[in-house]
Amino acid sequence: MDNSGIYYFKSDQGWGAPGCKDAQHLFIVKHETPTSEAMLSLVLSSQAQNRTIYARGNCKDAAHFKVTQLYQGAK
């Protein structure tokens with residue numbers, strides 16, 4: 001998290017979002033997202049369990065995807 005209360009997550013391969021395929025960074029703005037703590041927990045548990053993360057949101061620029069919803073994929 002940076003000083004502005006934004007969680008950033010990076011993937012060297014990009015996140016594969018249609019229209020934003022090359023975005024390497026997902027981000028969650030804590031004060032705009034009531035479920036931001038649950039999303040952080042989901043991302044960290046997914047990484048620990050080697051599970052895929054699926055996200056919905058908006059492409060902000062070529063490198064950044066703003067998350068509004070997160071889902072954990074099957075093992």
Side-chain angles (χ1 to χ4, degrees):
M1 177 167 41
D2 71 2
N3 293 342
S4 302
I6 300 174
Y7 296 124
Y8 288 95
F9 306 98
K10 185 174 189 239
S11 169
D12 292 332
Q13 296 86 27
W15 294 93
C20 202
K21 293 182 187 247
D22 296 328
Q24 290 187 338
H25 301 275
L26 289 179
F27 70 96
I28 300 165
V29 181
K30 187 174 178 179
H31 72 274
E32 293 178 3
T33 312
T35 58
S36 63
E37 296 298 321
M39 288 182 177
L40 175 61
S41 179
L42 180 78
V43 170
L44 296 175
S45 69
S46 295
Q47 289 175 336
Q49 297 174 36
N50 199 29
R51 294 175 79 168
T52 303
I53 298 167
Y54 298 99
R56 288 188 175 189
N58 300 299
C59 192
K60 289 301 179 182
D61 58 39
H64 296 89
F65 186 83
K66 183 177 182 182
V67 175
T68 56
Q69 295 176 323
L70 280 177
Y71 306 91
Q72 188 178 60
K75 261 191 166 174

* Asked: Hey, does the side chain of Q24 reach the backbone of D12 with a donor-acceptor pair shorter than 3.5 angstrom?
  -> yes

* Does a sphere of radius 6.0 Å around CG in N50 hold more than 12 heavy atoms from other residues, nucleotides or ligands, not counting ones at 6.0 Å or beyond? -> no

* Begin with the C-alpha distance, continue with both residues' side-chain angles, and end with the deciding distance and a verdict on side-chain contact (heavy atoms from CB on, under 4.5 Å) for F27 and K60. => CA-CA 10 Å; F27 70 96; K60 289 301 179 182; 3.6 Å; yes

* R56 atom CZ, over 12 foreign heavy atoms within 6.0 Å -> no

* Asked: What orientation do H64 and Y8 show, parallel under 30°, tilted 30 to 60°, or perpendicular over 60°?
  -> perpendicular

* Structure fact -> Correct closest heavy-atom pair for M39 and V67 would be SD-CG1, 4.2 Å

* **Side chain proximity check, T68 to T33, heavy atoms < 4.5 angstrom** => no

* For L40 and F9, work out which heavy atoms get closest and say how close. => CD1-CZ, 3.8 Å

* Asked: Do the side-chain N and O atoms of Q72 and S46 include a donor-acceptor pair separated by under 3.5 angstrom?
  -> yes

* Determine whether L44 and L42 fall in the same hydrophobic cluster, where Ile, Leu, Val, Met, Phe, Trp and Tyr are linked whenever their side-chain heavy atoms lie under 4.5 Å apart. => yes

* Determine the minimum heavy-atom distance between S36 and I28, stating which atoms define it. => CB-CG2, 3.8 Å

* Structure fact -> Heavy-atom closest pair (F65 atom, A55 atom, distance to 0.1 Å) is CE2-CB, 4.1 Å

* Asked: Going from SG on C20 to CG on D61, what distance comes out if it is rounded to the nearest 0.5 angstrom?
  -> 7.5 Å

* Asked: Any side-chain heavy atom of K66 sitting closer than 4.5 Å to one from V29?
  -> yes

